[in-house]
Amino acid sequence: MTKRRVSLFLVLALVVMAFVGCGGSAPAEEPATSGTDAATTDAPADTAAASDVEQTLVWNLGSDPKTIDPGLNAASDGGHVTNNTFEGLMREIDGKMEPAMAESYTVSDDGLVYTFKIREGAKWSDGQPVTANDFEYAWSRVVDPATASEYAWIFDEVNIASWKALDEKTFEVTLSSPTPYFVGLTAFYTFFPVRQDMVETAGEGAWATNPETAVSNGPFKVTFFQTGDRIILEPNEYYWRRDEVKLSKIEVLMIVDQAT
């Protein structure tokens, strides 16, 4: 087994990460009542107040991520953030692949051509539609030597020969030989879409840390980024499964000292 193939298996292992803000709703905490206050409490109002409690996750990343740009990232710390702000063609939940930005896909009889249909209603955090062109640009950017992506070699290892947007909602990928685990790899951040206009506006890497240009298509979006301090993520109101995002905010701290 080649060194590169061993590395690929490690990459596949890193794909598994459920979105920390999605899932079943947590039970609301009942408001404390006592004495005469309990006797005069308006029950419906209390119930509404309990359901409106904001849920914030404070999460220590441990160190400053080198980047949170999906196409440039090659580390788990940046990957944790990216997996909560972006979403690929498919996503992996509890060990099973599920449709994500692609609501469906077909495979040719020879196992070489995969045709993904981009989900109707899929949008970026600024309300613009997610298109097949976004995937074509993102993948082409990763393999461009000028980008210097550390994971560009995956495209050769997985036998990805070509990719193109047939139209706004159709993305076609052709492999040079059958690769059964290819679909699972589309849930990995190297294969996430990015917006060409945002990358070109702010520059490589920098666009992802500036709230003005950090447009994303996952359950959360970056609203604050301060090196050595914290990253604040808030729900993406345009995310296609917005009703399943239960957290109102994630504060991602960058504290290296465990004692602190």
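What you see is a predicted model, and the numbers here were worked out from it, not measured in a lab.
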Result for ring pair (Phe, Tyr, Trp, His ring centres under 6.0 Å) between Y151 and one of F188, W139, F192 points to F188

Looking only at the aromatic ring of each residue, does the gap between the centers of F155 and F191 stay below 6.0 angstrom? yes

Minimal heavy-atom distance between A208 and A214, with the atoms involved, is O-CB, 3.4 Å

- Query: Given the rule that I, L, V, M, F, W and Y join up when any side-chain heavy atoms are under 4.5 Å apart, are M101 and L166 in one cluster?
  - Reply: no

Note to self: Please say yes or no: joined through hydrophobic side-chain contacts below 4.5 Å, possibly via intermediate residues, are Y181 and Y189 part of one cluster?
What the structure shows: yes

- Message: Take a 6.0 Å sphere around NZ of K164 and say whether it holds more than 12 heavy atoms from other residues, nucleotides or ligands.
- Response: no

So CD of E87 and OG1 of T186: to nearest 0.5 Å the spacing works out to 10.5 Å

Self-check item: Single-linkage hydrophobic cluster I232~W207, side-chain heavy atoms < 4.5 angstrom
Solution: no

Acceptor/donor pairs from residues 115-122 side chains to any protein atom, 3.5 angstrom cut, sequence neighbours excluded:
residue: K117; atom: NZ; partner: T170; partner atom: OG1; Å: 2.7
residue: R119; atom: NE; partner: A100; partner atom: O; Å: 2.7
residue: R119; atom: NH2; partner: A100; partner atom: O; Å: 3.2

So OG of S177 and CZ of F182: to nearest 0.5 Å the spacing works out to 12.0 Å

Sorted by chain and number, sequence neighbours left out, salt bridge (charged side-chain N to carboxylate O under 4.0 Å, His left out) with D144 holds for none

- Query: Heavy-atom distance under 4.5 Å between the side chains of N236 and F220, does that happen here?
  - Reply: no

Non-hydrogen side-chain atoms of V173 and F135 separated by less than 4.5 Å:
no

Joint cluster assignment, L57 & V252, ILVMFWY side-chain distance < 4.5 Å = yes

Discussion item. Would you say that P178 contacts D110 through its side chain, given a criterion of any heavy-atom pair below 4.5 Å between the two side chains?
Written reply: no

Those residues at least two apart in sequence (or on a different chain) that pass salt bridge (charged side-chain N to carboxylate O under 4.0 Å, His left out) with E204 are R141

Quick note, salt bridge (charged side-chain N to carboxylate O under 4.0 Å, His left out) partners involving residues 55-68, not counting sequence neighbours, are K66-E150

Check: Between the main-chain N or O of G218 and the side-chain N or O of S216, is there a donor-acceptor pair closer than 3.5 Å?
Finding: no

Applying ring pair (Phe, Tyr, Trp, His ring centres under 6.0 Å) to Y238 and not counting sequence neighbours gives none

Separation between CD (E212) and OG1 (T201), nearest 0.5 Å, reads 11.5 Å

May I ask whether V222 and L247 are part of the same hydrophobic cluster, defined by side-chain heavy atoms of I, L, V, M, F, W, Y residues being less than 4.5 angstrom apart, directly or through others? yes

Salt bridge (charged side-chain N to carboxylate O under 4.0 Å, His left out) pairs touching residues 216-237, sequence neighbours excluded, are R230-E251

Just so I know, are the side chains of E136 and W163 near enough to count as touching, which here means a heavy-atom distance under 4.5 Å?
yes

